[in-house]
Amino acid sequence: MQFPSRSPEDTQNLGRRIGRLLQAGDILLLFGDLGAGKTTLIQGIAQGMEVPPDQYVRSPSFTLINEYRGRLPIYHIDLYRIESADEMADLGLEDYLFGEGVTLIEWGEKLFPEQKTDQPPLIPINNRVEIRLEIGGETDRTLSLSPYPQASASHPLFALQ
Ligand SMILES: Nc1ncnc2c1ncn2[C@@H]1O[C@H](COP(=O)(O)OP(=O)(O)OP(=O)(O)O)[C@@H](O)[C@H]1O
Ligand SMILES: [Mg+2]
């Protein structure tokens with residue numbers, strides 16, 4: 001499923017639509033270069049999940065994990081600074097991933113050995129939604145959503161038009 005975006009607002013709008021459809025236990029992995037719009041999309045998702053505007057959504061660069069309270073708990077994780085499987089293990093991601101909240105991970109490629117997303121991830125995440133953001137121009141982006149494994153395509157998210 002592909003969505004064009006022509007502005008940060010477009011990306012946030014799509015995020016809001018995604019956020020309304022997320023369910024307890026959902027895991028979203030976001031892939032895309034610096035400035036592709038991962039955090040921008042997550043700001044929209046947080047709004048769609050009814051996070052109050054006074055909970056500021058920004059990249060958890062130093063803390064690595066931010067937590068917001070919307071209609072479900074949201075764990076916003078940024079793996080940009082993670083450089084090894086050991087550092088990944090120290091984060092204790094399992095505590096978040098397999099809880100009752102929704103987990104949103106920037107730089108999802110870091111979860112994979114040598115960042116190869118066609119291999120099994122370092123942490124056994126069975127069902128997930130992968131979102132790829134591609135930069136087409138200054139304000140042009142293409143966002144692609146795919147279920148993994150294919151069986152998760154029954155998620156309401158994949159009825160988005
Ligand atoms: N269509 C668009 N969608 C999203 N962001 C856009 C778009 N057009 C321009 N931008 C700009 O691109 C930047 C995206 O920044 P953002 O922090 O969301 O990216 P990111 O993928 O989280 O980067 P990082 O890897 O550094 O965390 C913002 O400055 C935003 O204004
Ligand atoms: Mg970011």
Side-chain angles (χ1 to χ4, degrees), residues 1-22 26-70 72-88 90-93 95-97 99 101-119 121-123 125 128-148 157-158 160-161:
M1 252 168 41
Q2 282 203 347
F3 300 87
S5 165
R6 306 247 174 273
S7 66
E9 294 71 32
D10 270 3
T11 298
Q12 287 191 348
N13 276 333
L14 177 63
R16 272 194 287 278
R17 294 166 63 206
I18 292 172
R20 289 189 208 111
L21 298 172
L22 293 180
D26 282 347
I27 299 172
L28 273 58
L29 305 188
L30 278 63
F31 306 104
D33 290 339
L34 282 170
K38 302 178 290 296
T39 304
T40 305
L41 183 71
I42 289 174
Q43 286 166 345
I45 293 175
Q47 287 177 18
M49 293 193 68
E50 299 157 39
V51 171
D54 65 338
Q55 291 185 46
Y56 195 64
V57 175
R58 69 178 138 204
S59 265
S61 299
F62 296 100
T63 49
L64 298 171
I65 299 174
N66 282 350
E67 206 172 322
Y68 318 113
R69 293 278 151 177
L72 295 168
I74 303 173
Y75 308 111
H76 177 188
I77 296 168
D78 190 331
L79 298 177
Y80 182 63
R81 281 162 207 276
I82 294 293
E83 283 173 356
S84 67
D86 282 352
E87 281 182 36
M88 186 75 73
D90 286 346
L91 269 182
L93 284 187
D95 295 349
Y96 301 95
L97 291 172
V102 165
T103 308
L104 311 172
I105 303 185
E106 294 193 45
W107 291 98
E109 32 295 68
K110 302 267 184 168
L111 284 168
F112 297 85
E114 297 170 44
Q115 305 194 24
K116 293 190 180 124
T117 60
D118 55 349
Q119 298 197 9
L122 299 167
I123 297 166
I125 302 174
R128 59 191 189 249
V129 175
E130 299 188 346
I131 304 185
R132 292 187 168 72
L133 297 92
E134 279 175 52
I135 303 179
E138 204 174 324
T139 60
D140 278 342
R141 306 286 188 267
T142 304
L143 285 75
S144 319
L145 271 62
S146 48
Y148 187 95
L157 206 48
F158 295 99
L160 262 183
Q161 300 289 331

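This structure is a prediction, so every number in the text was calculated from the model and none was measured. Scope of the values below: all heavy atoms of this structure, side chains included, with no hydrogens, waters or symmetry mates. Each ligand, and each atom within it, is numbered from 1 in the order the structure gives.
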>> If I compare all heavy atoms of Tyr56 with all of Tyr68, which pair ends up nearest, and what's the gap?
In response: O-CE2, 3.6 Å
> Got Asp26 and Leu72 here, is their nearest side-chain heavy-atom distance under 4.5 Å?
Replying inline: no
>> Closer than 4.0 Å to some heavy atom of Ser7 - which atoms of ligand 1 meet that?
In response: 1 (N), 2 (C), 3 (N), 7 (C)
> Counting both backbone and side chain atoms, is some N or O of Gly32 under 3.5 Å from an N or O of ligand 1?
Replying inline: no
> Hey, does Phe3 have a side-chain heavy atom less than 4.5 Å from the side chain of Leu145?
Replying inline: yes
> Non-hydrogen atoms of Tyr80 versus ligand 1: any pair closer than 4.0 Å?
Replying inline: no
> Please state which protein non-hydrogen atom is closest to atom 10 (N) of ligand 1 and give its distance, to 0.1 Å?
Replying inline: Arg141 NH2, 3.4 Å
>> Can you report which non-hydrogen protein atom sits closest to atom 13 (C) of ligand 1, along with the distance?
In response: Gly35 O, 3.7 Å
>> By the definition side-chain contact (heavy atoms from CB on, under 4.5 Å), identify the one residue from Thr11, Leu14, Val57 that meets it with Thr40.
In response: Thr11
> Got an N/O contact under 3.5 Å between Arg6 and ligand 1?
Replying inline: no
>> Show the atoms of ligand 1 that are less than 4.0 angstrom away from any heavy atom in Ala36.
In response: 19 (O), 21 (O)
> Do Leu133 and Arg141 come close enough that some side-chain heavy atom pair is under 4.5 Å?
Replying inline: no
> Does Thr139 use its side chain to pair, donor to acceptor, with the backbone of Arg6 at less than 3.5 Å?
Replying inline: yes
> atom 15 (O) of ligand 1: which of Thr39, Leu34, Thr139, Thr40 has the nearest heavy atom?
Replying inline: Thr40
> Can you tell me the N, O or S atom of Glu106 that's nearest the Mg ion (ligand 2)?
Replying inline: OE1
> Under 2.8 Å from the Mg ion (ligand 2), is there an N/O/S atom belonging to Thr39?
Replying inline: yes
>> Just to be sure I read this right, does ligand 1 sit under 4.0 Å from the backbone of Glu106, its side chain, both, or neither, counting only heavy atoms?
In response: side chain
> Charged N to carboxylate O under 4.0 angstrom, Arg132 versus Glu130?
Replying inline: yes
> From atom 21 (O) of ligand 1, is the closest protein heavy-atom distance below 4.0 Å?
Replying inline: yes
>> Which of the numbered atoms in ligand 1 are under 4.0 angstrom from any heavy atom belonging to Glu138?
In response: 8 (N), 9 (C)
>> Quiz question: by atom type and distance under 3.5 Å, do the side chains of Thr39 and Glu106 form a donor-acceptor pair?
In response: yes
>> Do Leu41 and Lys38 make a side-chain contact, defined as non-hydrogen atoms from C-beta onward lying under 4.5 Å apart?
In response: no
>> For atom 7 (C) of ligand 1, tell me which residue out of Pro8, Gly44, Gly37 has the closest non-hydrogen atom.
In response: Pro8
> Got a donor-acceptor contact below 3.5 angstrom from the Gln55 side chain to the Arg69 backbone?
Replying inline: yes
>> Does ligand 1 come near enough to Asp140 that some N or O of the ligand is less than 3.5 Å from an N or O of the residue?
In response: no
>> Starting from atom 25 (O) of ligand 1, what is the nearest protein heavy atom, named by residue and atom, and what distance separates them?
In response: Lys38 NZ, 2.8 Å
>> Using every non-hydrogen atom in the two residues, find where Leu160 and Arg17 come nearest and quote the distance to one decimal.
In response: CD2-NH2, 3.5 Å
>> Which of the numbered atoms in ligand 1 are under 4.0 angstrom from any heavy atom belonging to Trp107?
In response: 25 (O)
> What is the closest protein heavy atom to atom 4 (C) of ligand 1, and at what distance does it sit?
Replying inline: Thr11 OG1, 3.4 Å
>> Using 0.5 Å steps for rounding, measure from the CG atom of Leu97 to the CD1 atom of Ile105.
In response: 5.0 Å
>> Using 30° and 60° as the class boundaries, would you call the ring planes of Tyr96 and Tyr75 parallel, tilted or perpendicular?
In response: perpendicular
>> Heavy atoms only, cut-off 4.0 Å: how does Asp33 contact ligand 1, side chain, backbone, both, or neither?
In response: backbone
> Nearest heavy atom to atom 1 (N) of ligand 1: which of Gly136, Ser5, Gly137 does it belong to?
Replying inline: Ser5
> Which is it for Ser59 and ligand 1 at heavy atoms under 4.0 Å: side chain, backbone, both or neither?
Replying inline: side chain
